[in-house]
Amino acid sequence: MTGGQIAGLIAAIAFLILVAFIGVFLLRLTKSISVVTVNVDQISHEVEEILANANELLTDVNGKVKTIDPAFKAVGDLGESVSSLNDATRNLTTRVSGVSTSTKGFTGLALASRVSKSAFQSYRNHRKSKNTK
């Protein structure tokens, strides 16, 4: 055998070993891909079930939100009413405190109240004494 033939034989053996390794690698790759395919199928089936349950749950929640939505609206309206009442009370307090600081109006009002109270008391006493006679 010549040197060229030996080199050709070595190249042929190397090529045969390479083809054998590639064949083994492709067989293992095929098995791995088939396992991955089965797993992906199982996962996709489970994901479909989860999505169906999630859609059902979302529909249920939306229905319940529609039933309690008027209650939230009523609470919001009540909050606005309370705010308006607070504003009105604040305005009344400001007006009353403004009257109490002006001594002219308040003194006249207090004096009129005392006079009317004593006049009514006198009238009541007069009626009592008249009825007892």
Side-chain angles (χ1 to χ4, degrees):
M1 269 188 79
T2 65
Q5 290 175 340
I6 294 178
L9 185 61
I10 292 176
I13 292 174
F15 185 73
L16 182 65
I17 292 174
L18 179 66
V19 168
F21 280 128
I22 289 176
V24 170
F25 174 75
L26 287 177
L27 285 175
R28 288 185 181 176
L29 182 65
T30 306
K31 287 180 184 178
S32 297
I33 288 177
S34 66
V35 168
V36 168
T37 304
V38 169
N39 288 340
V40 167
D41 286 341
Q42 289 174 351
I43 289 172
S44 67
H45 180 70
E46 290 175 8
V47 166
E48 286 176 6
E49 288 179 11
I50 289 172
L51 286 176
N53 290 338
N55 285 337
E56 184 179 326
L57 180 65
L58 186 61
T59 302
D60 184 46
V61 167
N62 284 336
K64 289 179 180 175
V65 165
K66 285 180 184 176
T67 60
I68 63 171
D69 197 31
F72 283 117
K73 178 134 176 68
V75 168
D77 292 344
L78 179 64
E80 289 178 14
S81 298
V82 168
S83 178
S84 297
L85 180 64
N86 284 340
D87 290 340
T89 305
R90 202 172 292 122
N91 290 338
L92 179 65
T93 305
T94 303
R95 287 182 184 166
V96 168
S97 66
V99 167
S100 67
T101 56
S102 68
T103 56
K104 293 179 188 175
F106 186 69
T107 307
L109 199 64
L111 181 62
S113 173
R114 286 186 197 139
V115 168
S116 65
K117 186 176 180 182
S118 63
F120 186 67
Q121 191 70 10
S122 298
Y123 175 72
R124 196 183 292 167
N125 289 339
H126 176 67
R127 298 267 297 167
K128 265 188 186 178
S129 65
K130 195 175 187 183
N131 286 339
T132 56
K133 288 185 181 180

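Grouping the Ile, Leu, Val, Met, Phe, Trp and Tyr side chains by contacts below 4.5 angstrom, directly or via other members, places L9 apart from L18.
Expressed to the nearest 0.5 Å, how far CD1 of I22 lies from CD1 of I17 amounts to 12.5 Å. Expressed to the nearest 0.5 Å, how far CZ of F21 lies from CG of L26 amounts to 13.5 Å.
In this structure, V47 shares a hydrophobic cluster with I43, L51, the cluster being traced through Ile, Leu, Val, Met, Phe, Trp and Tyr side chains under 4.5 angstrom apart. Chaining together hydrophobic side chains whose heavy atoms lie under 4.5 Å apart places V40 alongside V36. Taking Ile, Leu, Val, Met, Phe, Trp and Tyr as hydrophobic and joining them when side-chain heavy atoms fall under 4.5 Å apart, one finds I50 isolated, its cluster having no other members. When hydrophobic side chains of Ile, Leu, Val, Met, Phe, Trp and Tyr are connected at separations under 4.5 Å, L78 ends up clustered with V82.
For residues 30-45, the side-chain hydrogen bond (donor to acceptor under 3.5 Å, both in side chains) pairs, not counting sequence neighbours, are H45-E49.
Scanning for side chain to side chain contact (heavy atoms under 4.5 Å, CB included) contacts around D69 gives an empty result, with sequence neighbours left out. Checked against side chain to side chain contact (heavy atoms under 4.5 Å, CB included), N55 has no partners two or more places apart in sequence or in another chain. Among residues two or more places apart in sequence or in another chain, the side chain to side chain contact (heavy atoms under 4.5 Å, CB included) test is passed with E48 by none. In this view, I10 and I6 satisfy the side chain to side chain contact (heavy atoms under 4.5 Å, CB included) rule, not counting sequence neighbours. Every salt bridge (charged side-chain N to carboxylate O under 4.0 Å, His left out) that R90 has, sequence neighbours left out, goes to D87. For the side-chain hydrogen bond (donor to acceptor under 3.5 Å, both in side chains) test, no residue two or more places apart in sequence or in another chain qualifies with R28. Residues forming a side-chain hydrogen bond (donor to acceptor under 3.5 Å, both in side chains) with D60 (at least two apart in sequence, or on another chain): K64.
Side-chain atoms of S122 come within 3.5 Å of backbone N or O of S118 as a donor-acceptor pair.
Under a cut-off of 6.0 angstrom, the local environment of CD in E56 is sparse, with at most 12 non-hydrogen atoms contributed by other residues, nucleotides or ligands.
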